[in-house]
Structure formats: C-alpha cells, structure tokens
Amino acid sequence: QGKRDPDLMEIYEQNGRLKIDLPAVLDLPVAAELRDLLVDAAARDTAADLVLNCTCVERISTAAIQVILAGAAALRLAARGLELEAPADAVAGAFRALGLGSNLDQLLDT
C-alpha cells in the first residue's frame, strides 16, 4: 500500500478486511462522507469485515457516531462486522458521554 492522503477517506483492503482511515475531525460534513463510504462497503460483494482506523481522531460529532452505529447495524444484517481500531480518547469519551459505552465495547470486541 502506498502513502495515503490523511484528509481523504477511502476504502482499501488490508489483511483480508476492508479498512477506512478516519481523519482528525469527524464533523457533520465528514459524517456524510463516511455514511457514503459505509453504504459502499456494505454493498460490496464480499464477506470481508470493515475496520475504521480511529488512531488520528481528535474530535468526533454525534452525527458521526450515529453514522458509525448505523453502519455497524447494516453490516451485521449482511453477516459482516464493523470494528473500531485504536480509538483515540476523544472517540471513547464521546461514545461514553452519550451513554453509548456498551455500543463502543461491542465495536471493539468484533
């Protein structure tokens, strides 16, 4: 894999799974872009799970969390999983502040 633009979210394959590297700020416009990528990933003719790399995330909006949870549900219906990889403190804190700690735990256990 070549070097990726940190501001450009895209789906790529790594170790038999689909992966998206999330940017530092997941605000409303980025949440809409992420939604489109999750729809694309769910529609792909593959059994591969999807990994969201959260290493660089410094700020995440409620809208982005809603998109992630909806994407996880859609992938579950397709017998696939969605996993959050290396969530930064900002991600875990935002999920827990919204009372979604158990949802976060499920995404980490996948």
Side-chain angles (χ1 to χ4, degrees):
Q1 300 284 336
K3 201 133 168 95
R4 301 190 187 290
D5 180 344
D7 296 323
L8 176 67
M9 284 191 301
E10 61 184 350
I11 300 171
Y12 62 96
E13 279 194 51
Q14 185 178 56
N15 299 327
R17 302 189 300 175
L18 300 176
K19 193 167 187 177
I20 301 172
D21 295 330
L22 299 179
V25 178
L26 279 168
D27 54 10
L28 188 58
V30 177
E33 183 183 348
L34 178 58
R35 179 202 61 223
D36 293 344
L37 286 171
L38 291 175
V39 167
D40 177 28
R44 290 187 181 201
D45 186 19
T46 178
D49 290 338
L50 178 66
V51 177
L52 299 180
N53 177 5
C54 302
T55 306
C56 296
V57 178
E58 298 171 4
R59 202 171 70 225
I60 184 168
S61 68
T62 301
I65 290 174
Q66 291 172 321
V67 166
I68 291 169
L69 294 176
L75 285 164
R76 265 194 309 276
L77 288 175
R80 294 167 56 202
L82 184 143
E83 178 182 337
L84 295 184
E85 178 181 79
D89 291 342
V91 174
F95 268 83
R96 297 197 194 295
L98 292 169
L100 299 171
S102 62
N103 298 82
L104 174 65
D105 294 340
Q106 288 174 354
L107 294 173
L108 298 175
D109 291 340
T110 302

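Sequential numbering from 1 along the given sequence is applied to the chain's residues. All values below were derived from every heavy atom in this structure, side-chain atoms included, with hydrogens, water molecules and symmetry-related copies excluded.
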**Message:** If you count every heavy atom of other residues, nucleotides or ligands that lies below 6.0 Å from Arg59 atom CZ, does the total exceed 12?
**Reply:**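 Atom CZ in Arg59 is not packed in, count stays at 12 or less.
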**Request:** Begin from the C-alpha positions of Ile11 and Arg44 and carry the test side chain to side chain contact (heavy atoms under 4.5 Å, CB included) through to its verdict.
**Result:** CA-CA 11 Å; Ile11 300 171; Arg44 290 187 181 201; 3.8 Å; yes
**Item:** Partners passing side-chain contact (heavy atoms from CB on, under 4.5 Å) against Thr55 (at least two apart in sequence or in another chain)
**Value:**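 With neighbours one apart ignored, the set is Asn53, Ala86.
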**Asked** Who pairs with Leu28 by side-chain contact (heavy atoms from CB on, under 4.5 Å), at least two apart in sequence or on another chain?
**Response**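 side-chain contact (heavy atoms from CB on, under 4.5 Å) check on Leu28 returns Ala63.
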With rounding to the nearest 0.5 angstrom, report the [atom1] to [atom2] distance, [X] to [Y].
| X | Y | atom1 | atom2 | answer |
| --- | --- | --- | --- | --- |
| Asn103 | Leu107 | CG | CG | 7.0 Å |
| Leu38 | Glu33 | CG | CD | 11.0 Å |
| Asp40 | Asp36 | CG | CG | 9.0 Å |

**Item:** Leu26 and Val57: CA distance, side-chain angles, deciding distance, side chain to side chain contact (heavy atoms under 4.5 Å, CB included) verdict
**Value:** CA-CA 7 Å; Leu26 279 168; Val57 178; 4.0 Å; yes
Taking the side chain as C-beta and beyond, is there a heavy-atom pair between [X] and [Y] under 4.5 Å?
| X | Y | answer |
| --- | --- | --- |
| Asp21 | Cys56 | no |
| Leu34 | Met9 | yes |
| Phe95 | Leu84 | yes |
| Ile60 | Leu22 | no |
| Asp105 | Arg96 | yes |
| Leu50 | Ile20 | yes |
| Ile65 | Leu69 | yes |

**Asked** Would a distance-only check, ignoring hydrogens and angles, find a side-chain to backbone donor-acceptor pair under 3.5 Å from Arg80 to Ala48?
**Response**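 Checked: pair present.
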**Message:** Lys19 and side chain to side chain contact (heavy atoms under 4.5 Å, CB included): which single residue from Glu85, Glu13, Glu83, Glu10 fits?
**Reply:**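 Exactly one option meets the side chain to side chain contact (heavy atoms under 4.5 Å, CB included) with Lys19, and it is Glu85.
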**Item:** Positive for side chain to side chain contact (heavy atoms under 4.5 Å, CB included) with Leu52, one of Ile68, Val91, Leu18
**Value:**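 For Leu52, the side chain to side chain contact (heavy atoms under 4.5 Å, CB included) test succeeds with only one of Ile68, Val91, Leu18, which is Ile68.
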**Asked** Going hydrophobic residue to hydrophobic residue with side-chain gaps under 4.5 angstrom, can you get from Val30 over to Val25?
**Response**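 Cluster IDs for Val30 and Val25 differ.
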